[in-house]
There are 2 protein chains.
Amino acid sequence: MSSIADKAVREEVRLSELDIEAIEMFINFFKVIGLPKSVGEIYGLLFVATRPLSMEDLMERLQISLGAASQGLKLLRSVGAVKVVYAPGERRDHYVADLELSKFATSFIRDELKPRLERALQRVERMESLAEEMDPKERKVAFQRIDRLKHWMERGQKMMPWILKFLVT
Amino acid sequence: MSSIADKAVREEVRLSELDIEAIEMFINFFKVIGLPKSVGEIYGLLFVATRPLSMEDLMERLQISLGAASQGLKLLRSVGAVKVVYAPGERRDHYVADLELSKFATSFIRDELKPRLERALQRVERMESLAEEMDPKERKVAFQRIDRLKHWMERGQKMMPWILKFLVT
DNA sequence: ACAAGTTTTCAATAAAAAATGAAAGGAATA
DNA sequence: TATTCCTTTCATTTTTTATTGAAAACTTGT
């Protein structure tokens with residue numbers, strides 16, 4: 001009798017001030033790594049919630065749509081930031097925040113930064129071979145710059161495992 | 001006779017393959033730190049250019065508008081990524097890329113990350129005072145989580161100077 | 001297998017961000 | 001100081017990204 005689909009108007013459930021602070025914090029934090037507001041809202045609320053919340057709980061409290069809730073949870077699950085927990089006697093899934101924040105950084109580095117750097121290094125190699133064909137004077141300048149690029153990419157690659165170690169410890 | 005304003009159709013100036021590789025690389029790189037395509041294009045072209053380029057050069061080669069060129073250069077100058085150089089006998093300004101890539105990271109950390117972290121820490125303090133007023137059982141859980149947040153923010157703050165040192169060296 | 005509850009997907013819509021270009025504001029030259 | 005050239009600004013348009021919600025696809029209980 002309280003399914004999501006047939007509920008015409010969603011009932012207003014007030015968020016506490018603490019909830020709001022946490023939510024705003026995570027919205028801002030997630031924005032840095034390019035994630036949409038709704039994802040920050042969901043994680044923020046789950047972070048301060050003292051019990052697992054269902055998708056409908058999230059929709060009610062955050063006043064977001066079914067689709068946004070579903071997709072946000074999917075993304076958060078995929079990066080290990082949210083876990084599904086079994087709620088006895090309840091049919092719907094319930095979700096909790098994984099408090100191990102280092103997981104964000106880890107998956108951000110693994111899924112975003114690392115592949116980008118690898119593609120960039122390939123590009124630099126291609127640039128080197130293109131620069132071979134330039135006339136001597138220009139080639140010198142070109143190589144100088146390409147080398148500098150290469151240097152920075154390698155430096156970035158070296159730095160990532162270190163950051164990971166720092167975060168995981 | 002070759003002013004920007006009265007040139008109805010902009011003449012096409014071909015980019016070399018090397019130019020294109022560099023531009024694509026920087027577009028991708030800049031996207032990570034949330035900068036628009038046009039900024040990456042401008043920096044990329046200046047990075048491989050063997051001579052200083054004027055704003056009109058950039059508009060022609062990249063096929064971007066006056067406004068995009070002006071604003072992109074303004075931003076890049078503001079983070080120290082592009083310098084204005086004097087071109088003898090030329091009226092218009094000419095621009096070169098500053099190859100010291102660490103400057104990006106430095107200004108990104110200083111202008112984006114640091115202030116965010118500071119605001120977030122303030123929020124965490126506010127969260128702590130709000131949690132004081134919760135009932136004992138919930139308060140315990142709340143403090144546990146807030147402490148964890150605090151721990152990560154402090155860790156982030158400690159990490160930044162280290163990253164900076166690593167980059168500047 | 002059926003029915004009711006729940007989640008996912010995705011085409012349509014809304015919101016946010018970036019690009020455009022006309023007009024205003026500055027600088028250099030004459 | 002007037003004129004011309006160049007740059008900046010900003011209201012408008014375009015493009016990109018996020019959100020919505022109906023319909024499809026699952027799940028669980030009977």
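Below, chain A is the first sequence line, B the second, and so on; all start at residue 1.
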In whole angstroms, how far is the [atom2] atom of [N] from the [atom1] atom of [X]?
{"X": "Leu58(A)", "N": "dT8(C)", "atom1": "CG", "atom2": "P", "answer": "12 Å"}
{"X": "Ile64(B)", "N": "dT15(D)", "atom1": "CD1", "atom2": "P", "answer": "16 Å"}
{"X": "Gln71(A)", "N": "dA12(C)", "atom1": "CD", "atom2": "C1'", "answer": "14 Å"}
{"X": "Leu35(A)", "N": "dA16(C)", "atom1": "CG", "atom2": "C1'", "answer": "16 Å"}
{"X": "Leu75(A)", "N": "dT9(C)", "atom1": "CG", "atom2": "C1'", "answer": "15 Å"}
{"X": "Leu66(B)", "N": "dA23(C)", "atom1": "CG", "atom2": "C1'", "answer": "11 Å"}
{"X": "Glu56(A)", "N": "dT7(C)", "atom1": "CD", "atom2": "P", "answer": "9 Å"}
{"X": "Asp93(A)", "N": "dC26(D)", "atom1": "CG", "atom2": "P", "answer": "16 Å"}

Of the listed nucleotides [options], the one nearest the side chain of [X]:
{"X": "Lys74(B)", "options": "dA18(C), dT9(D), dT8(C)", "value": "dT9(D)"}
{"X": "Ser70(B)", "options": "dT7(D), dT20(D), dT20(C)", "value": "dT7(D)"}
{"X": "Met55(A)", "options": "dT8(D), dG21(D), dT7(C)", "value": "dT7(C)"}
{"X": "Lys37(A)", "options": "dT20(C), dT8(D), dT19(D)", "value": "dT19(D)"}

Verdict with reasoning, Leu149(A) to Met25(B), per side chain to side chain contact (heavy atoms under 4.5 Å, CB included): CA-CA 10 Å; Leu149(A) 258 185; Met25(B) 224 211 63; 3.7 Å; yes
Between Phe104(A) and Tyr43(A), does the ring centre distance come in under 6.0 Å? yes
Hey, does the side-chain of Arg92(A) have a donor or acceptor N/O within less than 3.5 Å of a partner on the base of dT7(C)? no
Taking N and O atoms by type only, does the side chain of Arg91(B) place a donor or acceptor under 3.5 Å from a partner on the base of dT4(D)? yes
Between CZ on residue Phe30(B) and CG on residue Leu75(B), distance to nearest 0.5 Å: 8.5 Å
Given DNA chain C, 5'-ward residue of the pair His94(A) and Lys31(A), judged by closest heavy atom: His94(A)
I'd like to know if Asp135(B) and Arg139(B) make a salt bridge, using a cut-off of under 4.0 Å between side-chain N and carboxylate O. no
Does dA19(C) have OP1 or OP2 under 4.0 Å away from a side-chain N or O of Ser38(B)? yes
Examine Arg155(B) relative to Phe166(A) and say whether NZ or CZ is less than 6.0 Å from the centre of the six-membered ring and inside a 45° cone about the ring axis.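 Yes, cation above the ring, under 6.0 Å and within 45°.
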